[in-house]
Amino acid sequence: MKQLKTVIFDVDGTLAETERDGHRIAFNRAFIDAGLDWQWNENLYGKLLAVTGGKERIRYFLNDFHSDFMYEGNIDDLVANLHAAKTKHYVALLESNAIALRPGVVRLINEIREAGLGVAIATTTTPENVTALIKSTLGEQALAWFDCIAAGDIVPAKKPAPDIFDYCLQQLGLSADECLVFEDSANGVLSSLAANIPTIVTLNNYTQDDDFSGAISVFDHLGEPDMPCSVLSGHAINTHYITVDVLKELHAQS
Ligand code: XBP
Ligand code: MG
């Protein structure tokens, strides 16, 4: 196993709990704007999260949950316009500081950088959503901390396909075994493992029943000195929050 060089973070569910109170609200506001009576409640949204990508999720909803929907116009245009409106609502939510980063995220990113390691992002969401989240939580200067921000439609196939992680590795100029991924979902783990990158999970309320087979360890969160994290499966650690030394130890386990 090569030396750890860069930690690649997923965004939604990993850096922040963005789905239930962020993306879902934004989708519903876009549907209202369009005069549609679709409203995705928390339970339905949990089912729709089986499909990554907002545009792909709208199509999944239409095909599998609302197949009786009749539309005389071009359905591709409808999906694209709904998603553009949703993104505007989501960015506005982030700019209103509606979403905070998860426990340990700021601390660990700072520790990783202070240790001389790199940080990067590989996400299914749009670049504008990533920019808005980083700016609203860490400040605009933090965008430069990331050696690569690989997001959304930059690749042809979204998670669970490996494309976004393969693209990130190529942009970083690193091999998979020089990196470590933090993910929160089954689709994310399938994607990072298909790219052969050692992966650690911090799950959340929508993904606690997901299958994380192949991940080094599954945690409830990254932990803070005053907020212990727990190992739910996989390789255990001897501290109560995740540090750079823990990352190097887990990376060596993979
Ligand atoms: C999670 C996703 C995204 C968001 C919605 O991304 O699947 O599609 O749910 O964002 P990740 P968009 O966990 O890879 O960060 O509407 O911009 O797709
Ligand atoms: Mg995620």
Side-chain angles (χ1 to χ4, degrees), residues 8-31 38 40 42 44-61 79-94 98-99 101-102 105 119-134 137 146 148-168 181-195 197 199-212 215 218-219 221-222:
I8 305 171
F9 289 90
D10 163 56
V11 173
D12 296 301
T14 300
L15 289 184
E17 293 276 23
T18 57
E19 295 291 0
R20 185 189 64 192
D21 301 332
H23 289 296
R24 183 180 69 89
I25 303 300
F27 277 113
N28 287 334
R29 288 177 179 172
F31 299 151
W38 312 345
W40 291 352
E42 291 181 33
L44 171 58
Y45 194 68
K47 293 179 181 137
L48 295 173
L49 280 172
V51 171
T52 68
K55 295 187 291 293
E56 296 78 357
R57 191 165 301 138
I58 296 171
R59 290 181 190 281
Y60 175 46
F61 165 71
V79 169
N81 293 336
L82 284 172
H83 192 251
K86 173 264 174 181
T87 300
K88 285 193 173 63
H89 281 296
Y90 182 68
V91 168
L93 272 171
L94 292 176
I99 303 282
L101 295 180
R102 293 190 66 185
V105 169
V119 288
I121 282 174
T123 175
T124 302
T125 195
T126 59
E128 39 285 54
N129 288 348
V130 179
T131 298
L133 178 70
I134 299 298
T137 56
F146 299 91
C148 169
I149 297 179
D153 294 328
I154 195 72
V155 290
K158 291 187 168 71
K159 300 174 185 176
D163 300 38
I164 199 71
F165 285 106
D166 287 338
Y167 172 82
C168 192
V181 162
F182 273 106
E183 265 286 355
D184 75 297
S185 68
N187 278 327
V189 170
L190 285 170
S191 177
S192 58
L193 293 183
I197 309 174
T199 300
I200 298 171
V201 173
T202 50
L203 53 70
N204 57 65
N205 50 5
Y206 270 134
T207 65
Q208 56 195 351
D209 298 326
D210 278 18
D211 177 0
F212 298 117
V218 178
F219 295 91
H221 53 79
L222 294 174

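Just the heavy atoms: all of them, side chains too, but no hydrogens, waters or symmetry mates, feed the values below. These numbers were taken from a predicted model, which means no experiment stands behind them. For ligands, and for the atoms within them, numbers begin at 1 and follow the listed sequence.
Taking 4.0 Å as the cut-off, Gly53 counts as a neighbour of ligand 1 on heavy-atom distance. By the 4.0 Å heavy-atom criterion, Arg57 is counted among the residues contacting ligand 1. The shortest separation from a heavy atom of Glu56 to ligand 1 is not under 4.0 Å, leaving the residue out of contact. For Lys55, the heavy-atom gap to ligand 1 stays at 4.0 angstrom or more.
A donor-acceptor pair shorter than 3.5 Å cannot be found between the side chains of Thr207 and Ser185.
A salt bridge between Arg102 and Asp184 is absent, with no side-chain N of the basic residue lying under 4.0 Å from a carboxylate O of the acidic one. At a threshold of 4.0 Å, the pair Arg24-Glu19 does not count as salt-bridged, since none of the basic side-chain nitrogens sits closer than that to a carboxylate oxygen.
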Task: ring-ring contact (aromatic ring centres under 6.0 Å, His included) between Phe27 and Trp38, intermediate numbers included - done: CA-CA 9 Å; Phe27 277 113; Trp38 312 345; over 10 Å; no
Task: CA sep, side-chain torsions, deciding dist, call: Leu190, Phe212, side-chain contact (heavy atoms from CB on, under 4.5 Å) - done: CA-CA 8 Å; Leu190 285 170; Phe212 298 117; over 6 Å; no
- [ ] Verify side-chain contact (heavy atoms from CB on, under 4.5 Å) between His23 and Asp12, making sure each step is shown before the conclusion.
- [x] CA-CA 9 Å; His23 289 296; Asp12 296 301; 2.8 Å; yes
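Which parts of ligand 1 touch Glu19 is read off a 4.0 Å heavy-atom cut-off, strictly below it: atoms 1 (C), 2 (C), 4 (C), 9 (O).
For Thr125, a nitrogen or oxygen atom sits less than 3.5 Å from a nitrogen or oxygen atom of ligand 1, counting backbone and side chain alike. Backbone and side-chain nitrogen or oxygen atoms of Asp12 are examined, and one is located within less than 3.5 angstrom of a nitrogen or oxygen of ligand 1. Considering backbone and side-chain atoms together, Ala122 places no N or O closer than 3.5 Å to any N or O of ligand 1.
For Asp184, the N, O or S atom with the smallest separation from the Mg ion (ligand 2) is OD1.
With a 4.0 Å cut-off on non-hydrogen atoms, Asn129 touches ligand 1 through its side chain and not its backbone. Looking at His83 against ligand 1, only its side chain comes within 4.0 Å, counting heavy atoms.
In this structure, Lys47 is not positioned above the aromatic face of Tyr45 in the sense of NZ or CZ being under 6.0 Å from the six-membered ring centre and within 45° of the axis.
Under the 4.5 Å side-chain criterion, counting only non-hydrogen atoms from C-beta, Phe31 is not in contact with Lys86.
Rounded to 10°, the angle formed at the Mg ion (ligand 2) by Asp12 O and Asp10 OD2 is 90°.
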